[in-house]
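Following: one structure in structure tokens, then a few remarks.
Quick note: numbers below take in every heavy atom, side chains included, and nothing from hydrogens, waters or symmetry partners. Source: prediction; values computed, not measured. First the proteins, then the strands, lettered A, B, ... as listed; each starts at 1.
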Protein chains: 2
Amino acid sequence: MSYSVVMASHTAGETRARIVAAADRLVYERGFEHTSFADVAAAVGLSRGNFYYHFRTKDEILDAVIEARLAGTRAMLAEWERQEPTPAGRVRRFARIVIANGPDIRLYGCPLGTLTAELAKLRHPARPQALALFECFRTWLREQFDAIGVGDNADACAMHVLVFSQGAATLSNAYGDDAMVECEVASLESWLAGVVHESSVRP
Amino acid sequence: MSYSVVMASHTAGETRARIVAAADRLVYERGFEHTSFADVAAAVGLSRGNFYYHFRTKDEILDAVIEARLAGTRAMLAEWERQEPTPAGRVRRFARIVIANGPDIRLYGCPLGTLTAELAKLRHPARPQALALFECFRTWLREQFDAIGVGDNADACAMHVLVFSQGAATLSNAYGDDAMVECEVASLESWLAGVVHESSVRP
DNA sequence: GTCTATATCGGGATAGAC
DNA sequence: GTCTATCCCGATATAGAC
């Protein structure tokens, strides 16, 4: 019931959002364990003491980061559906992330794959939530392959595309080799063209 | 010039080897940063103080672990060459690691891929040495594709197999799904059969 | 809501006795 | 070569003033 809230330079929600955005980036660049409270606080321009007003534990930040990534992913996929009319075009759009986000991926790998791998080694309780992020892409890809008309193979096709993207990101990160990534994307696109063709010629 | 050395219950070299073996396993299971001196010392049954007699810094242990993995990898590849007479058979053997080492990979991912990804995020000085481990596989695969007779595509084929293996390992680790892994291995094997066939029908 | 100060803990690394 | 004891630092987390 306090009117002064609207006059504050930053509301709690705004500060929280800035913290999550900074933590998201730092967790991506340095990994979850290697990111400290001090790092995040410094990135937002906050003292460590005040930090605990917004997040009590490190795991709480991780939960918030994963939730933010989920929301961001859903928004991105919805945007792609708007921009790409055909299901094959949407799958291609996904396959090309590894090119579009090339600079980041070369330095830090895939945000999803590297987080999942780290949480697995830590046997961290938030693993299921990171997996939900994977599921978000898998389900969306499966829907596209359903629309293409691959029948029972929709999920296998979706997983195949995910395997490609994770492998390409890992090797892009290891070697920093643009040419290889483009070669692999081309290979997946020709596979996709074959899948689309096979589906369209069926009765 | 001391004769007593040969009478010691453990020589320095033996103890060192046991430390490296324990560190190798722990780095794989928990990640490099999450593995402490105390963890390794406890695994070998050594006090932390004595530990520093063998390794002065954590990075020295990492170097030793990577070197041990290099030696192990070379021995494994040589063994495969002995057991598999054809180059295609050798590539298949590589592709099936993700099945043969299924239990470990589901829990901890690919030892090579996860280490490389972690060192990239840490911007660790040992990154080039981890990359040499990747190169070891890449070169060996390229030699097999050269023998198959794919001409200028040998390196691209080698990278394609590496991309597959890294992607399959990442998703095996994320989902713990055996069926998906076998499906992906089958997909790569049919790709490989196509490559072999195309090469053999050329003049 | 933001700050400073502080408690507490774990890990890397060293010194020196045996 | 192995041990115990210790130093030092960074990180999580808390208390309490403003």
Side-chain angles (χ1 to χ4, degrees), chain A residues 1-23 26-27 29-65 118-119 121-126, chain B residues 1-23 26-27 29-65 118-119 121-126:
Chain A
M1 298 301 177
S2 159
Y3 293 127
S4 69
V5 167
V6 290
M7 299 182 65
S9 57
H10 298 297
T11 67
E14 277 169 0
T15 304
R16 190 190 149 96
R18 287 194 308 146
I19 290 174
V20 172
L26 285 169
V27 165
E29 293 182 1
R30 307 183 185 180
F32 173 64
E33 234 196 344
H34 196 60
T35 301
S36 71
F37 277 102
D39 292 333
V40 182
V44 186
L46 237 60
S47 75
R48 276 178 303 167
N50 183 19
F51 199 94
Y52 285 87
Y53 174 80
H54 299 278
F55 291 96
R56 270 189 293 281
T57 70
K58 207 179 172 184
D59 289 354
E60 266 182 44
I61 306 179
L62 180 60
D63 288 345
V65 165
E118 183 181 3
L119 297 185
K121 285 200 200 281
L122 300 180
R123 312 215 65 76
H124 194 284
Chain B
M1 298 303 175
S2 160
Y3 295 127
S4 69
V5 168
V6 290
M7 298 184 64
S9 59
H10 299 297
T11 68
E14 277 169 0
T15 304
R16 193 191 148 94
R18 287 194 307 147
I19 289 174
V20 173
L26 283 169
V27 166
E29 293 181 1
R30 306 183 187 180
F32 173 64
E33 237 197 342
H34 196 59
T35 301
S36 71
F37 277 99
D39 292 334
V40 182
V44 186
L46 238 59
S47 75
R48 274 184 308 168
N50 183 19
F51 198 95
Y52 284 86
Y53 173 81
H54 299 278
F55 290 98
R56 268 189 294 280
T57 70
K58 204 179 172 182
D59 289 355
E60 267 184 44
I61 305 180
L62 180 61
D63 288 345
V65 165
E118 182 180 3
L119 297 185
K121 285 199 199 282
L122 299 180
R123 312 215 64 76
H124 194 282

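Within 6.0 Å of atom CZ in A/Arg56, 12 or fewer heavy atoms from other residues, nucleotides or ligands are found, so the atom counts as exposed in its surroundings.
Listed by first and then second residue, the side chain to side chain donor-acceptor pair (under 3.5 Å) pairs that reach into residues 31-49 of chain B are A/Glu33-B/His34, A/His34-B/Glu33, B/Arg30-B/Asp39, B/Ser36-B/Asp39, sequence neighbours excluded.
For B/Arg18 and D/dG1, the CZ to P distance is 13 Å, given to the nearest whole Å. Here C/dT2 presents its C1' atom at 14 Å from CZ of A/Phe51, a figure rounded to the nearest Å. Atom pair A/His54:NE2 and D/dA13:P shows a separation of 16 Å (rounding to whole Å applied).
The side chain to side chain contact (heavy atoms under 4.5 Å, CB included) search around A/Ala17 returns none, not counting sequence neighbours. Remark: B/Phe51 pairs with B/Phe37 by the ring pair (Phe, Tyr, Trp, His ring centres under 6.0 Å) rule, at least two apart or across chains. Every residue two or more places apart in sequence or in another chain was checked for a ring pair (Phe, Tyr, Trp, His ring centres under 6.0 Å) with A/Tyr53, and none qualifies. Residues satisfying the side chain to side chain donor-acceptor pair (under 3.5 Å) criterion with A/Asp59, sequence neighbours excluded, are A/His124.
OP1 or OP2 of C/dG1 lies within a sub-4.0 Å distance of a side-chain N or O belonging to A/Tyr53.
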Let me have a per-nucleotide readout for nucleotides 11-18 of chain C, 5' to 3', with B, S or -, counting only protein heavy atoms under 4.0 Å. SSBB----
